[in-house]
Number of protein chains: 2
Amino acid sequence: MNDVAREVGVSAKTVSRVVNDDAHVSPATAARINDAIERLGFRRNESARLLRQGTASTIGLLLEDVSDPFYGALTRAVEESVLAHDHQLLVSSSAEDAHRADRLIAAFVSRGVGGLILAPATGLDEKLLADERAKNCPVVAFDRPLEELDVDTVLADNRGGTIAGVRHLIERGHRRIAFFGDADSVYTARERRAGYRDALADAGIPFDPELVLMLQPDERAGTEALGMLAASADPPTAVFAGNNRWSVQLLRALVRHPIGLAYVGFDDFELADVVQPGVTVVTQDPAAMGRVAADLLFRRIDGDDGPAQRVQLSTALIERGSGERLGPFVG
Amino acid sequence: MNDVAREVGVSAKTVSRVVNDDAHVSPATAARINDAIERLGFRRNESARLLRQGTASTIGLLLEDVSDPFYGALTRAVEESVLAHDHQLLVSSSAEDAHRADRLIAAFVSRGVGGLILAPATGLDEKLLADERAKNCPVVAFDRPLEELDVDTVLADNRGGTIAGVRHLIERGHRRIAFFGDADSVYTARERRAGYRDALADAGIPFDPELVLMLQPDERAGTEALGMLAASADPPTAVFAGNNRWSVQLLRALVRHPIGLAYVGFDDFELADVVQPGVTVVTQDPAAMGRVAADLLFRRIDGDDGPAQRVQLSTALIERGSGERLGPFVG
DNA sequence: CTGTTAGCGCTTTCAT
DNA sequence: ATGAAAGCGCTAACAG
């Protein structure tokens with residue numbers, strides 16, 4: 001920057017003003033400075049800027065697992081927004097490990113991120129996060145809310161979406177519907193299970209805890225559970241998969257060991273439209289979730305200090321056939 | 001850091017030494033300093049460190065699209081390695097736009113990344129990259145090589161994998177085999193097409209350019225192309241999909257408009273084992289590619305300045321049935 | 001509209 | 001084994 005200043009014959013501060021689009025520079029000098037910047041190939045040293053300002057044009061994104069398609073799509077959407085704001089994105093996967101999540105947040109902050117977008121891992125240390133936010137580092141939660149900290153939050157309509165999906169099965173005559181959800185510790189799993197109970201209650205169908213399985217999605221566990229359900233005294237005629245991973249694993253189990261079951265899943269997945277029958281799903285929109293989260297964050301970065309917002313994104317039922325019928329899946 | 005120094009009654013420099021595991025500190029003072037660090041919750045300000053040292057404990061990862069499952073898996077693997085080295089990961093998608101890629105690289109560098117891992121976008125400005133590397137910022141290319149710059153590179157065995165896949169079809173009696181590849185400008189697409197030609201030549205089957213389609217993967221384009229091929233004078237009896245995206249799009253097209261075609265794809269995809277018949281694929285290992293790329297990079301960061309390495313990762317044929325037969329796909 | 005001065009928090013260099 | 005001083009490149013605060 002000093003080189004540019006010397007070249008043009010002005011002070012470094014003036015160059016700084018031009019680089020930062022400060023209005024108080026005469027067009028003529030600004031032009032000469034821009035010219036010199038071009039000629040010398042000058043690029044602002046972000047680290048020095050960061051040190052001075054205390055906050056970098058970098059956003060930290062903390063999610064469960066980048067390789068999960070839900071988070072992949074979300075990451076891409078956040079990235080587009082971040083790029084549009086001339087920022088960069090630090091990405092880390094918590095792998096559902098609260099301690100690791102704490103470490104990663106600390107690492108983000110020690111690098112001076114200007115804001116944090118995160119899917120709160122269960123057991124996350126919210127005090128740590130509260131400290132950061134106090135240091136003027138805005139925080140946006142997505143997919144799950146924080147429990148104590150009141151921050152901007154983007155959630156899918158987990159309960160409503162599940163109600164719609166389960167109702168779809170009920171309307172087709174099913175009264176024994178199994179529910180496969182993620183571990184009980186996961187917010188979305190609990191919400192969706194609640195939606196499942198609501199839908200049953202609305203229809204006057206008794207709730208049977210035997211039909212509810214809250215487990216890590218896994219083909220073997222799914223196969224075993226389906227086998228036990230099928231062999232029970234009053235077996236289910238339909239299944240609701242509480243997430244993307246369960247949808248895929250149950251599909252796999254149902255294809256390998258066909259049992260006549262109708263089937264609806266929460267969250268869409270690739271090839272859900274291609275298997276036979278197509279899998280009816282309740283879709284959420286991960287890209288929209290990422291976009292909204294980024295928008296909320298940049299609003300804070302731009303100085304908005306209004307009350308924390310809570311955005312709920314609607315879901316949609318896509319009927320593809322798997323909820324319509326009784327009979328073995330052929331995959 | 002000054003706070004810690006004052007608390008203990010030493011100079012900031014001594015604290016710095018402790019934080020950096022410098023040997024020349026008496027165990028006693030080190031212990032007292034570590035104690036104070038703990039008590040005060042001190043964390044080193046990476047930006048100041050960066051400004052002074054000129055290079056951050058941050059790695060830049062530039063890929064085509066994080067939401068593509070291939071890159072998602074790779075990103076996750078790189079992330080694990082980066083975390084193990086106490087670094088952080090900046091991730092950006094070039095979206096196959098060379099100009100955007102140039103911008104992103106500049107942004108990485110202005111943030112002082114300690115190294116760069118990238119899938120070179122076609123038309124990338126290699127001079128820019130050469131400058132950065134000269135500034136002691138090591139570069140590793142994956143998936144595609146750089147053309148002019150001699151850097152550490154990790155590639156899949158595109159040619160050999162394709163030969164194995166096409167040979168699989170030939171061994172099952174196919175002599176008219178179509179090839180769907182990405183745009184001609186993409187290195188992997190060209191390599192795989194070359195493998196396709198090699199496999200045909202080995203078997204004494206004439207090469208027919210009419211059977212080769214180099215296009216952006218897209219369901220409609222796939223359907224049209226398949227329709228034209230089916231209606232031609234000497235239609236193919238089998239298809240080789242040159243990548244993950246084509247595999248999925250062709251599968252979709254073949255399910256909606258069944259034509260009797262055997263089918264093998266390059267790169268695995270979720271549910272390839274579930275559709276009927278299962279899709280035979282040539283797998284590459286994106287996680288291994290990420291791991292190897294990160295290893296190469298950290299070796300450079302740790303000071304290795306030996307000649308550039310070129311690692312080729314082997315592929316494997318997974319037979320699932322789609323290459324065995326002639327007859328309509330039922331999905 | 002432009003310049004001067006000072007300092008962000010750390011590490012390098014050179015003393016002690 | 002420890003400390004003092006200087007400075008990385010930029011921008012905030014205050015002139016002029």
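Side chains included, hydrogens not; waters and symmetry mates left out as well; all remaining heavy atoms used.
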Can you see if the side chain of [X] gets near the phosphate of [N] - specifically, an N or O under 4.0 Å from OP1 or OP2?
X	N	answer
A:T29	C:dT2	yes
B:S16	C:dT11	yes
A:Q53	D:dA12	yes
B:R52	C:dT12	no
B:S11	D:dA4	no
A:N20	D:dT11	yes
A:S26	C:dT2	yes

Exercise for the section: Look at the side chain of A:R17 and the base of C:dG3, then say whether one donor and one acceptor between them are separated by less than 3.5 Å. Expected result: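 Indeed there is one.
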
Exercise for the section: With rounding to the nearest 0.5 Å, note down the distance linking CG in A:N45 to CZ in B:R111. Expected result: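 Result: 10.5 Å between the selected atoms.
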
Practice task
Let me know, please, whether B:H24 or A:F42 comes out on the 5' side of the other along DNA chain D by nearest nucleotide.
Solution key: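 It is B:H24 whose nearest nucleotide is closer to the 5' end.
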
Problem - Side-chain donor/acceptor of B:E126 to backbone N/O of B:E147, under 3.5 Å - result: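 Yes: the side chain of B:E126 pairs with the backbone of B:E147.
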
Measure from [atom1] on [X] to [atom2] on [N] and round the result to the nearest Å.
X	N	atom1	atom2	value
A:D3	D:dC10	CG	P	9 Å
B:D21	C:dC10	CG	P	16 Å
A:L51	C:dT11	CG	P	12 Å
B:R44	C:dT11	CZ	C1'	10 Å

Practice task
Identify which nucleotide among C:dC10, D:dG9, D:dG3 has an atom closest to any side-chain atom of B:V10, counting heavy atoms from C-beta outward.
Solution key: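 Nucleotide nearest to B:V10's side chain: D:dG3.
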
Handout entry: Closest listed nucleotide, where the reference is the side chain of B:N45 and the choices are D:dG3, C:dG9, C:dG3
Key =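 Minimum distance to the B:N45 side chain belongs to C:dG9.
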
Which pairs would a plain distance check flag for residues 23-32 of chain B, meaning a side-chain donor or acceptor within less than 3.5 Å of a matching protein atom at least two apart in sequence or in another chain?
{"from": "B:S26", "atom 1": "OG", "to": "B:T29", "atom 2": "N", "distance (Å)": "3.3"}
{"from": "B:S26", "atom 1": "OG", "to": "B:T29", "atom 2": "OG1", "distance (Å)": "2.6"}
{"from": "B:T29", "atom 1": "OG1", "to": "B:S26", "atom 2": "O", "distance (Å)": "2.9"}
{"from": "B:R32", "atom 1": "NH1", "to": "B:V8", "atom 2": "O", "distance (Å)": "3.4"}

Practice task
Output all residues satisfying salt bridge (charged side-chain N to carboxylate O under 4.0 Å, His left out) with B:R103, sequence neighbours left out; order by chain, then residue number.
Solution key: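 B:R103 satisfies salt bridge (charged side-chain N to carboxylate O under 4.0 Å, His left out) with A:D86 only.
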
Problem - Geometric class of the A:F298/A:H87 ring pair [parallel <30°, tilted 30-60°, perpendicular >60°] - result: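 Perpendicular.
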
